[in-house]
Amino acid sequence: FNAPAALGKTVTEIVRHHQLVEAWHLSLKTGQKQEESIEIPGSRQFLQLVILPDKETRSSLLLVQNLTRVRRMEKVRRDFISNVSHELRTPLASLKALTETLRDGALNDPVAAPRFLERIEIEVDALTQMAQELLDLARIESGQVPIEMTRVDATRLLASVADRMTAQIERAGLTLTVENPADLPDIRANASRLEQVLVNLVHNAIKFTAPDGRVLLSASVENSFVRFT
């Protein structure tokens with residue numbers, strides 16, 4: 001509404017939201033400051049109303065603050081923490097599975113032991129990368145972290161993801177199959193972030209696939225793009 005149109009009208013006529021009106025009425029009744037936070041239906045906007053009553057004049061000062069951006073930033077933070085927690089589960093679960101396998105006898109196997117130690121090193125590197133991403137949080141929020149795009153061997157990327165998830169696949173009693181054409185081209189991407197995305201997808205597949213099931217990790221060429229599935 002425009003300011004001239006509001007002159008001479010009641011708060012109820014202008015502020016058409018029952019929570020705000022009730023807060024205003026309560027402020028008039030008690031003579032105390034009232035604060036109310038609401039979400040405007042349909043607009044995804046969050047407002048905070050502060051009502052300061054004047055006992056002598058029976059008038060009120062209404063201060064409306066738009067908290068939409070603040071709430072969105074809070075959601076970004078919550079989503080970030082949730083995503084980091086999800087990403088941490090993958091390497092930690094792999095490390096647990098690998099160490100348990102070594103403890104159960106693989107440590108004395110001259111062929112298997114070096115292979116398992118190499119996988120442990122890969123997962124430790126992944127945890128180190130995540131720690132670095134946490135340190136970059138402030139820069140990410142300020143929009144100062146560029147996505148570094150490089151030429152990535154898509155076939156090698158699939159193999160790396162499959163290798164990282166082998167221990168968890170075996171532990172869950174599943175089979176992981178990798179399918180891709182022999183002439184799969186290189187792509188431009190951020191290798192570490194794309195690999196983490198694929199690892200998360202495989203992790204979800206493991207979580208929701210029944211024992212003896214099959215997880216398929218594949219890539220195909222569609223027009224000028226490579227689709228990972």
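When reading the values below, keep in mind they use all heavy atoms of this one structure, side chains included, and skip hydrogens, waters and symmetry mates.
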Enquirer: Does CD belonging to Glu74 count more than 12 external heavy atoms closer than 6.0 Å?
Expert: yes
Enquirer: Do you reckon Met149 sits in the same ILVMFWY cluster as Val226, going by side-chain contacts under 4.5 Å, direct or chained?
Expert: no
Enquirer: Got a second to check how far Ile169's CD1 is from Ile206's CD1, nearest 0.5 Å?
Expert: 3.5 Å
Enquirer: Leu158 and side chain to side chain contact (heavy atoms under 4.5 Å, CB included): which single residue from Asp153, Val178, Asp163 fits?
Expert: Val178
Enquirer: Roughly how far apart are Leu201 CG and Thr229 OG1, rounded to 0.5 Å?
Expert: 9.5 Å
Enquirer: Shared ILVMFWY cluster between Val221 and Val152, side chains joined below 4.5 angstrom?
Expert: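 Linked within one cluster.
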Enquirer: Check Leu174 against Ala210 and note the closest heavy-atom contact, atom names and distance.
Expert: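 In this case the closest contact between Leu174 and Ala210 is CD2-O, 3.0 Å.
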Enquirer: When you group the ILVMFWY residues by side-chain heavy-atom contacts below 4.5 Å and let the links chain together, are Leu117 and Leu95 in the same group?
Expert: yes
Enquirer: Drop me the distance from Glu121's CD to Leu98's CG, to the nearest 0.5 angstrom.
Expert: 12.5 Å
Enquirer: Would a 4.5 Å heavy-atom cut-off, applied to side chains only, mark Val197 and Phe228 as touching?
Expert: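 Of all side-chain heavy-atom pairs linking Phe228 with Val197, none is under 4.5 Å.
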Enquirer: Side chain of Thr68, backbone of Phe46: donor and acceptor closer than 3.5 Å?
Expert: yes
Enquirer: Please collect all salt bridge (charged side-chain N to carboxylate O under 4.0 Å, His left out) contacts where either partner lies in residues 201-222, sequence neighbours excluded, each pair once.
Expert: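 Output for this query lists Glu179-Arg214, Glu222-Arg227.
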Enquirer: Is Glu123 salt-bridged to Arg119, cutoff N-O under 4.0 Å?
Expert: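 No.
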Enquirer: Restricting to non-hydrogen atoms, name the atom on Ala113 and the atom on Ala106 that form the minimum distance, rounded to 0.1 Å.
Expert: CB-O, 3.5 Å
Enquirer: Rounded to the nearest 0.5 Å, what's the gap from CG on Leu217 to OG1 on Thr177? Could you check?
Expert: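 If we round to the nearest 0.5 Å, Leu217:CG and Thr177:OG1 are 9.5 Å apart.
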Enquirer: Tell me whether Ile51 shares a hydrophobic cluster with Leu61, the cluster being built from Ile, Leu, Val, Met, Phe, Trp, Tyr side chains joined at under 4.5 Å.
Expert: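 No, it is not one cluster - the side chains of Ile51 and Leu61 are not joined through contacts under 4.5 Å.
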Enquirer: Do Phe116 and Val124 sit in one hydrophobic cluster, given that two such residues count as connected whenever their side-chain heavy atoms are within less than 4.5 Å of each other, even indirectly?
Expert: yes
Enquirer: Rounded to the nearest 0.5 Å, what separates atom OG1 in Thr101 from atom CG in Asp109?
Expert: 11.5 Å
Enquirer: With salt bridge (charged side-chain N to carboxylate O under 4.0 Å, His left out) as the rule and sequence neighbours excluded, what pairs involving residues 59-68 come up?
Expert: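 Pairs touching residues 59-68 that pass the test: none.
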Enquirer: Do other residues, nucleotides or ligands put more than 12 heavy atoms under 6.0 Å from the CZ atom of Arg89?
Expert: yes
Enquirer: Roughly how far, to the nearest 0.5 Å, is the OG1 atom of Thr155 from the CG atom of Asp183?
Expert: 9.0 Å
Enquirer: What are the two closest heavy atoms between Ala189 and Leu194, and how far apart are they?
Expert: CB-CD2, 4.0 Å
Enquirer: I want to check something: taking the side chain as every heavy atom from C-beta on, are Ile120 and Thr99 in contact at a cut-off of under 4.5 Å?
Expert: yes
Enquirer: Between Ser94 and Gln168, what is the shortest heavy-atom contact and its length?
Expert: OG-NE2, 2.9 Å
Enquirer: Which pair of heavy atoms, one from Ala154 and one from Leu184, lies closest together, and at what distance?
Expert: CB-CD2, 3.5 Å
